[in-house]
Protein chains: 2
Amino acid sequence: MTEDVFKALADPTRRRILDELAERDGQTLFEICSRLAIKHDLGLSRQAISQHLAVLESAGLVLSRREGRYKFHELNTRPLEHIVTRWLRPDTPEGTP
Amino acid sequence: MTEDVFKALADPTRRRILDELAERDGQTLFEICSRLAIKHDLGLSRQAISQHLAVLESAGLVLSRREGRYKFHELNTRPLEHIVTRWLRPDTPEGTP
DNA sequence: ACTATAGGCAAGTAGCGACTTGCGTATGGT
DNA sequence: ACCATACGCAAGTCGCTACTTGCCTATAGT
């Protein structure tokens with residue numbers, strides 16, 4: 001559950017992937033690979049990214065649909081919404097000093 | 001920075017410690033140890049908890065003040081507030097389907 | 001049919017991270 | 001002065017995890 005969400009967010013490369021999907025949804029594995037290689041200097045193998053995507057997917061942060069030989073990935077922010085409210089006090093809801 | 005926050009949140013024991021401090025602020029190391037041992041069944045050594053607290057402290061999630069031979073720890077939720085908004089889309093701000 | 005593309009599976013390696021163990025330091029009580 | 005308490009430091013062990021490498025499957029194009 002939220003257990004996997006925290007573990008998924010622990011890795012900086014996975015967070016970069018989420019950034020990439022937040023910027024442009026529906027990318028394939030190869031697109032994400034080349035984007036990460038170009039925009040950031042991450043020279044990671046295809047399998048590395050694939051495994052990261054698997055972790056993100058089992059955490060529910062990434063949804064994928066397969067079409068032909070392409071697999072498109074999209075970001076799902078639902079699991080992110082309430083993982084932190086667990087510690088946030090009900091007082092000072094937004095900006096009430 | 002936020003790098004350390006995610007790493008700090010990755011461990012379930014550290015999240016338990018945050019829970020404990022959220023429930024009662026200003027606990028010492030021994031208090032946290034015995035609380036974790038009793039309420040949850042974590043039979044961890046003192047140093048284990050101490051190292052976890054060090055991680056949480058360097059992430060800015062826990063602040064500590066020393067008084068005599070006691071060191072009191074308190075929760076700081078500031079670093080938690082904006083780590084997730086990075087991926088949350090500006091649409092559907094709270095509950096607007 | 002053949003080749004290239006997009007991706008998956010599995011085993012192996014290296015390094016980090018959680019935890020322990022042992023010893024050391026400082027404060028407080030008597 | 002003595003001892004117990006509350007905590008810190010340092011090294012060592014063990015398991016997990018990120019990453020690679022090699023091979024395999026399936027779809028698309030020609």
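Within every chain, numbering begins at 1; the chains are lettered A, B, ... in the order of the sequence lines, protein sequences first and strands thereafter.
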Exercise. State plainly whether the residues B:Glu57 and B:Lys71 are in salt-bridge range, i.e. N to O under 4.0 Å.
Key: yes
Quiz item: Going by an N to O cut-off under 4.0 Å, is there a salt bridge joining B:Glu3 and A:Arg15?
Solution: yes
In residues 36-43 of chain B, what donor-acceptor pairs under 3.5 Å come from side-chain atoms, sequence neighbours left out?
unit_1	atom_1	unit_2	atom_2	d
B:Lys39	NZ	B:Glu23	OE1	3.1
B:Lys39	NZ	B:Glu23	OE2	2.9

Side-chain N or O of [X] less than 4.0 angstrom from OP1 or OP2 on [N]?
X	N	value
A:His52	D:dT17	no
B:Lys71	D:dG8	yes
B:Lys7	C:dC16	no

Quiz item: How many angstroms lie between CG in A:Leu56 and CG in A:Leu18, if you round to the nearest 0.5 Å?
Solution: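 Separation between the atoms: 5.0 Å.
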Self-check item: nucleotides 20-30 of chain C: protein proximity per nucleotide (B base, S sugar-phosphate only, - neither; heavy atom, under 4.0 Å)
Solution: BBB----BS--
Self-check item: Contacts of type side-chain contact (heavy atoms from CB on, under 4.5 Å), residue A:Ser50, not counting sequence neighbours
Solution: A:Leu29
Exercise. Output all residues satisfying side-chain contact (heavy atoms from CB on, under 4.5 Å) with A:Arg69, sequence neighbours left out; order by chain, then residue number.
Key: none
Self-check item: Residue list, salt bridge (Lys or Arg N to Asp or Glu O under 4.0 Å) with A:Asp4, at least two apart or on another chain
Solution: none
Practice problem: Let me know, please, whether A:Ala10 or B:Phe30 comes out on the 5' side of the other along DNA chain D by nearest nucleotide. | Solution: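 Closest to the 5' end, via its nearest nucleotide, is B:Phe30.
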Quiz prompt | Among C:dC19, C:dG7, C:dA18, the nucleotide that comes nearest once only the side chain of B:Arg14 is considered | solution = C:dA18
Quiz item: Which residues within residues 34-42 of chain A lie with some heavy atom under 4.0 Å of an atom in DNA chain D?
Solution: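 Within residues 34-42 of chain A, no residue comes under 4.0 Å of DNA chain D.
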